[in-house]
Number of protein chains: 2
Amino acid sequence: MGRKRFQSQVATGPATVRTVADLAGVSIASASRVLNGLGGSPELSARVKAAAERVGYVPNAIARSLQAQRTGLIGLAVADIGNPVYVQMMRAIEAEIADCGRQLLIHATNANAAGETELLRGLARRYVDGMIMSPLRVTEAHLNALAKSAVPVVVVGQLPDDAPIDNVRADSIAGVRLAVDHLVDTGRRRIAMINGPLDTVPGAARDTGFRSALAARGLAPADVEYGDFTFEAGLAAARRLLERSGGTGDRPDAILAANDLIAAGTLHALLAAGVRVPHDVALVGMDNTDITELTFPRLTSVDLGAAERGRRAARLLLSRLDDGTIGPRRETVPPTLVQRDST
Amino acid sequence: MGRKRFQSQVATGPATVRTVADLAGVSIASASRVLNGLGGSPELSARVKAAAERVGYVPNAIARSLQAQRTGLIGLAVADIGNPVYVQMMRAIEAEIADCGRQLLIHATNANAAGETELLRGLARRYVDGMIMSPLRVTEAHLNALAKSAVPVVVVGQLPDDAPIDNVRADSIAGVRLAVDHLVDTGRRRIAMINGPLDTVPGAARDTGFRSALAARGLAPADVEYGDFTFEAGLAAARRLLERSGGTGDRPDAILAANDLIAAGTLHALLAAGVRVPHDVALVGMDNTDITELTFPRLTSVDLGAAERGRRAARLLLSRLDDGTIGPRRETVPPTLVQRDST
DNA sequence: TTGAAAGCGATACCAT
DNA sequence: ATGGTATCGCTTTCAA
């Protein structure tokens, strides 16, 4: 029966509004008001401020969140926080939401689909006002979980067209076409591709795009290899590809890598085999990450707009948090080709 | 005067314990107990669980945190979330704390000292149970703020020896010595260094280490350059260095770069100038980030244990959260040299 | 075993 | 302008 109510607050634990109010000899309501810059007579304000200062009062954000029904936190779920593409995206998102005084809660899903849906069910109702996620693969379970998520979610990546969820996507197909056209325009004809896994959304899209872009120029793939979206996989795939074309004659004169990591691996294999880049083989990566500047020669790469996608996703989410009634929106970020020294 | 208290909860907003309790026809206390797996008769438990299932109940973590006085969130403040070293550290920390069901709240300080102390005063009392920070520079203000932080903080990086704060540090000096010894042992004599800014903690330590390590082998620096800890700065500094030693005669036969980004920039400048690596000039980076594998040739690099430092910092913090009474601890992670193809 | 009620810390709505 | 108090959703005594 509220014993504490009637005993004055001795310095127990960190300061609360009550500590400040007691010290200033005012009600907690007045203390709260002054602390939030609403009303208060000069005299009372001064007393409260002095008291707050003296006890080093810092408002407890948890309590405030409970009352306000919002935390100011935005969740970001990515497969791998080390992947340069996600790093780019994270940076853009962070910058965008920091402007609104919000913070980023980052969660690595480790490309684990079960974990991702669990996240939507759990974490979505945990601490975040909204959430941005970029799943590598999208399953039925994802869609289900997304549909009943308790907070707004924006998905970066491909989603079925009828999914009623805010969605920002890259245009891989157009991106691949940019690369292919660039290679053909600069005289390459035997164009090979080193792709990621076909059962991922980006892998599948890039495969389709590659074949149709070549067909549009009256060409067929010189060769195709698959592996993970990693440097090591790119290195291994490129070695297989080089081995297959033992004679210089049927070696591809250009290779399109499905991302910059694969491209870096490929470059490594080429240089190690004494192949000159771009003289003998032109090389194009995708994602236009920082990696492109680190290699020698620097990599030509298709910018699929990771940063821009992050920025737009953040904006979509922020606007939805302002007004939950707007219908689902879909944005597509157009790719650009950034030519450097590998083509 | 508590109107709501007496009206049954109609489907308003997301389900709460009250929703579940009302639906199951039990008290919220019982509902809470069942939901947390404490007690409850089989019959009652079943009813509550069914009700929770039906309304898709997910506990509100904010409310729980307010009660429990902990959020399960760990804050991480780094200068730049894109820097590969921090990425390594983040990954290690994330993995470590995820095991304990905690999550990472990441904050980019953009190397802004004012922001960092503000963080300690504000965010530390905001949402996190504890915090790991890795400041580039440590000021008086930092130390002050650290001293009165409301939650435990672990600092990754150098701190004054008498600072009563958990602290994990790299041993830059030993790291530089490893590199220098390796270069000398492999026959290099004219060793230059491309360093970061001298007014940063790591920059200063590496400079000291470089000079003393050389002196220990009876050598003097062949040349020294400074710039930021970036690829571009490394590239520019290496160009200046090459220009200075116009004749091949007094060109350094080895360069130590203060981090891998600088090393990559340096490599770029060397290769562009037609210098063979490692034949003409050996090159050693520091931090042993993923970058070392991406370049051609791959970079020999001193591993200052970023991942290990992150892991230890996480462990220190977790143990302190368990028991706040232990005194401040200080750990130093020993460096290792990882030889690759650039030496 | 179950339920009533007291908090956690802050804000907001009332009266005064 | 100021103070009392209900409330956010949950956990946790304390009684019954």
Whole angstrom value for the distance that separates C1' of C/dC8 from CZ of A/Arg64: 16 Å
Report yes if some heavy atom in the side chain of A/Arg329 is under 4.5 Å from a heavy atom in the side chain of A/Arg320; otherwise report no. yes
Between B/Ser30 and C/dT2, does any side-chain N or O lie under 4.0 Å from OP1 or OP2? no
With a 3.5 Å distance limit and no angle check, can you tell me whether A/Asp129 reaches the backbone of A/Arg70 through a side-chain donor-acceptor pair? no
Has A/Asp166 got a side-chain atom pairing as donor or acceptor with A/Pro328's backbone, closer than 3.5 angstrom? no
In whole Å, I'd like the distance from the CZ atom of B/Arg70 to the P atom of D/dC10. 17 Å
Taking the side chain of B/Gln67 as heavy atoms from C-beta outward, which of C/dG9, D/dG3, D/dT12 is closest to it? D/dT12
Salt bridge flag under 4.0 Å for residues A/Arg315 and A/Glu96: yes
Atom-pair distance (CD1 on B/Ile62; P on C/dT11), nearest Å: 14 Å
For B/Ala63 and for B/Arg33, find the nucleotide of DNA chain D with the closest heavy atom, then tell me which residue's nucleotide is more 5'. B/Ala63
Interatomic distance where CG belongs to A/Asp22 and P belongs to C/dG9 [whole Å]: 13 Å
Nearest whole angstrom, please: distance from the P of D/dA1 to the CG of A/Leu44. 11 Å
Grab the CD1-P distance between B/Ile28 and D/dT13 for me, whole Å please. 15 Å
Side-chain atoms of B/Leu66 come closest, of C/dA10, C/dC8, D/dC10, to C/dC8
By nearest-nucleotide position on DNA chain C, the 5'-leaning member of A/Ala29 and B/Ala68 is B/Ala68
For B/Glu43 and C/dT1, what is the distance between atoms CD and P respectively, to the nearest whole Å? 14 Å
Taking 4.0 Å as the cut-off, does a side-chain nitrogen or oxygen of A/Ser41 come that near to OP1 or OP2 on D/dA1? no
Round to the nearest Å and state the distance from A/Leu35 atom CG to D/dT2 atom P. 14 Å
Less than 4.0 angstrom between a side-chain N/O of A/Gln69 and OP1 or OP2 of C/dT11, yes or no? no
Testing C/dG3, C/dA10, C/dT11 for proximity to the side chain of A/Asn36, the answer is C/dT11
Would you say A/Ser65 and B/Tyr127 are linked by a side-chain donor-acceptor pair, where the criterion is simply a distance under 3.5 Å? yes
Check the phosphate of D/dG3 against A/Ser27, side-chain N and O only, distance under 4.0 Å to OP1 or OP2. Yes or no? yes
